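Just follow the structure's listing: the first ligand is 1, and inside any ligand the first atom is 1. Computed from a predicted model, the values in this text were never measured in an experiment.
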Amino acid sequence: MSIQCSLTIAGTDPSGGAGIQADLKTFQELKSYGMSVVTSVVAQNTTGVNAVHHLPAEMIQQQLEAVSADMPIDAFKSGMIADKDMMKVIADWIPQISAPYVMDPVMVAQSGDPLIEAESRAWLREHLVPFASVITPNLPEAEDLLGQQIETTDDMKEAAEQIVTKLGAGAALVKGGHRDGEAVDYLFDGSKIHSYSAERIATNNTHGTGCTYSAAITAYLSRGIDLPRAVEKAKQFVTAAIKHSFDLGKGSGPTNHWAWKEEVKQWKK
Ligand SMILES: Nc1ncnc2c1ncn2[C@@H]1O[C@H](COP(=O)(O)OP(=O)(O)OP(=O)(O)O)[C@@H](O)[C@H]1O
Ligand SMILES: Cc1ncc(CO)c(N)n1
């Protein structure tokens, strides 16, 4: 049986809603064989981050080599990459891989806890962003990358375009999860803007939405689906996951990675 493979390079979430755990659940749901390289072990749950242990960069390099020496990689994503040493080994490894790279430029957890060293952000922007086939910042992350405020929908579209033209990413998806009203995201694919809109769901259970969304894009790309369509399908996946999210934990609960199947049944009715 032939199967496509997706790799995530990210931090962990023992409560299962974000990070590597969310990525692997998403790959599994979307029928892409899931593989993972752990960057940092994060003691977190739905209420926040208690402690973080960063793996030595050498260990990240060893994991990357172990997986790529043996397994096919049809698409890969990165999430939490906390410091410059980790970024460097990832940047050195990427050129040997000819597969789409989805970068989720994770900066803070949903709880507001920082997940990347402030002084490493410039390195990420200058040396890793140009490798990304697509980068998926939320509004604060897009503001940080460009050093400018983003308020209106026109600002969002312009930001997506600038992340490509000024910072060198192949494409940029600026997400509107942090705004009011419809949940609208804008993709600039290097030539045009695509917009993706969904009803805003009244819930506090949005722990790991960004991880789940970028993992879904990765899984669809691994299966050879083109970027605008991969984002469209991933948007449906994450919207269903938020709509049917779980009231688990005392904070911002996790999304439901298998909800999309229920939604598909509804669409077919
Ligand atoms: N309440 C909501 N209802 C519907 N869609 C939402 C809601 N909140 C976020 N989204 C959508 O979920 C996706 C993830 O976006 P978001 O901006 O929340 O990512 P993020 O901030 O990177 O996530 P994370 O919390 O994992 O850091 C986007 O498509 C966004 O539009
Ligand atoms: C490990 C990790 N990556 C990303 C996020 C953002 O949701 C998180 N909370 N934890």
**Q** Spell out, yes or no, whether Tyr220 and Ile73 are grouped together once hydrophobic residues are joined by side-chain heavy atoms under 4.5 Å, including indirect joins.
**A** no
**Q** Going through the checks in order, is the side chain to side chain contact (heavy atoms under 4.5 Å, CB included) test met by Ile225 and Lys233?
**A** CA-CA 10 Å; Ile225 294 171; Lys233 288 166 80 71; 4.0 Å; yes
**Q** For Lys175, is at least one N or O under 3.5 Å away from an N or O on ligand 1?
**A** yes
**Q** Which residue, Asp247, Thr255, Thr46, forms the side chain to side chain donor-acceptor pair (under 3.5 Å) with Asn205?
**A**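 Per the side chain to side chain donor-acceptor pair (under 3.5 Å) rule, the option paired with Asn205 is Asp247, out of Asp247, Thr255, Thr46.
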**Q** Check if Gly208 has a non-hydrogen atom at a distance under 4.0 Å from any atom of ligand 1.
**A**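 Gly208: in contact with ligand 1 (<4.0 Å).
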**Q** Below 4.0 Å from ligand 2: does a non-hydrogen atom of Thr12 turn up there or not?
**A** yes
**Q** Name the option, out of Asp185, Val106, Val231, that contains the heavy atom nearest to atom 28 (C) of ligand 1.
**A**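 Nearest option to atom 28 (C) of ligand 1, by heavy atoms: Asp185.
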**Q** Report, in ascending order of atom number, the atoms of ligand 2 lying under 4.0 Å from any heavy atom of Gly11.
**A**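 Contacts of ligand 2 toward Gly11, numbered from 1: 1 (C).
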**Q** Quick one: which of Met80, Gln21, Gln44 has a heavy atom closest to atom 10 (N) of ligand 2?
**A** Gln44
**Q** Of all the non-hydrogen atoms in the protein, which one sits nearest to atom 13 (C) of ligand 1, and at what distance?
**A**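 For atom 13 (C) of ligand 1, the nearest protein heavy atom is Tyr213 CD2, 3.8 Å.
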**Q** If you measure only the distance, is there a donor-acceptor pair under 3.5 Å linking the side chains of Ser191 and Asp189?
**A**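 Note: Ser191 and Asp189 side chains meet the donor-acceptor criterion.
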**Q** Hey, is Gly210 one of the residues with a heavy atom under 4.0 angstrom from ligand 2?
**A** no
**Q** If hydrophobic clusters are built by linking Ile, Leu, Val, Met, Phe, Trp and Tyr wherever their side-chain heavy atoms come under 4.5 Å apart, do Leu128 and Met107 end up in the same one?
**A**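 In one cluster with Leu128: Met107, yes.
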**Q** Indicate the atoms forming the closest heavy-atom contact of Leu139 with Arg179, along with that distance.
**A** CD1-CG, 3.2 Å
**Q** Is Glu199 close enough to touch ligand 1? Criterion: a residue heavy atom under 4.0 Å from a ligand atom.
**A**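 Under 4.0 Å: yes for Glu199.
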**Q** Report yes if some N/O of Asp104 lies less than 3.5 Å from some N/O of ligand 1; otherwise report no.
**A** no
**Q** Would you mind checking which non-hydrogen protein atom is closest to atom 18 (O) of ligand 1, with the distance to 0.1 Å?
**A**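 Heavy-atom neighbour on the protein nearest atom 18 (O) of ligand 1: Thr209 OG1, 3.2 Å.
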**Q** Could you find the nearest protein heavy atom to atom 1 (N) of ligand 1 and give me its residue, atom name and distance?
**A** Ile201 O, 3.0 Å
**Q** Looking only at protein heavy atoms, which one is nearest to atom 25 (O) of ligand 1, and how far off is it?
**A** Gln110 CG, 3.2 Å
**Q** Ile242 versus ligand 1: do any nitrogen or oxygen atoms come within less than 3.5 Å of each other?
**A** no
**Q** Might you work through the side chain to side chain contact (heavy atoms under 4.5 Å, CB included) test for Val108 and Leu115, ending with a clear yes or no?
**A** CA-CA 5 Å; Val108 293; Leu115 295 173; 5.8 Å; no
**Q** Are Ser214 and Lys77 linked by a side-chain donor-acceptor pair shorter than 3.5 Å?
**A**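 Lys77 and Ser214 do have a side-chain donor-acceptor pair below 3.5 Å.
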**Q** Looking only at protein heavy atoms, which one is nearest to atom 3 (N) of ligand 2, and how far off is it?
**A** Gly19 CA, 3.9 Å
**Q** May I ask you to identify the nearest protein heavy atom to atom 5 (N) of ligand 1, giving residue, atom name and distance to one decimal place in Å?
**A**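 In this structure, atom 5 (N) of ligand 1 has Ala183 CB, 3.4 Å as its nearest protein heavy atom.
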**Q** Show the numbers, then the answer: is there a side chain to side chain contact (heavy atoms under 4.5 Å, CB included) between Ile116 and Met80?
**A** CA-CA 7 Å; Ile116 174 172; Met80 175 185 181; over 6 Å; no
**Q** Does any donor atom in the side chain of Asn45 or Ser15 lie under 3.5 Å from an acceptor atom in the other side chain?
**A**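 There is no such pair (donor and acceptor under 3.5 Å, judged by atom type) between the side chains of Asn45 and Ser15.
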**Q** Hey, mind stepping through Lys235 and Lys175 against side chain to side chain contact (heavy atoms under 4.5 Å, CB included) and telling me if it holds?
**A** CA-CA 10 Å; Lys235 176 76 172 171; Lys175 300 174 294 185; over 6 Å; no
**Q** Would you please indicate if the ring centroids of Phe237 and Trp258 are separated by under 6.0 Å?
**A**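 That pair fails the under 6.0 Å test.
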**Q** Going by atom types only, do Gln62 and Glu58 share a side-chain donor-acceptor pair under 3.5 Å?
**A**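 Yes - a donor-acceptor pair under 3.5 Å links their side chains.
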**Q** Any idea which protein heavy atom is nearest atom 26 (O) of ligand 1, and the distance to it?
**A** Gly210 N, 2.9 Å
**Q** Does Phe76 have its ring centroid less than 6.0 Å away from the ring centroid of Tyr101?
**A** yes
**Q** Looking only at protein heavy atoms, which one is nearest to atom 5 (C) of ligand 2, and what is the separation?
**A**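 Checking every protein heavy atom, the shortest distance to atom 5 (C) of ligand 2 gives Leu115 CD1, 3.7 Å.
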**Q** Could an N or O of ligand 1 be found under 3.5 Å from any N or O of Gly176, whether backbone or side chain?
**A**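 The answer is no, given that Gly176 and ligand 1 share no N or O pair closer than 3.5 Å.
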**Q** Based purely on interatomic distance, does Glu141 place a nitrogen or oxygen under 3.5 Å from a nitrogen or oxygen of ligand 1?
**A**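 No, there is no polar N/O contact under 3.5 Å.
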**Q** I need the contact type for Val49 against ligand 2. Using non-hydrogen atoms and a strict under-4.0 Å cut-off, is it side chain, backbone, both or neither?
**A** neither
**Q** Look at atom 4 (C) of ligand 2 and find which of Cys211, Ala18, Gly79 reaches it with the closest heavy atom.
**A** Cys211
**Q** Using 0.5 Å steps for rounding, measure from the CG atom of Leu145 to the CD1 atom of Ile135.
**A**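 Interatomic distance, Leu145 CG to Ile135 CD1, rounded to 0.5 Å: 5.0 Å.
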**Q** Quick check: Thr203 and ligand 1, any N/O pair under 3.5 Å apart?
**A** no
**Q** Return the option from Val238, Asn204, Asn138, Asn205 holding the heavy atom at the smallest distance from atom 20 (P) of ligand 1.
**A** Asn138
**Q** Could you tell me the residue and atom name of the protein heavy atom closest to atom 21 (O) of ligand 1, and the distance to it rounded to 0.1 Å?
**A**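 Here the nearest protein heavy atom works out to His178 NE2, 2.6 Å.
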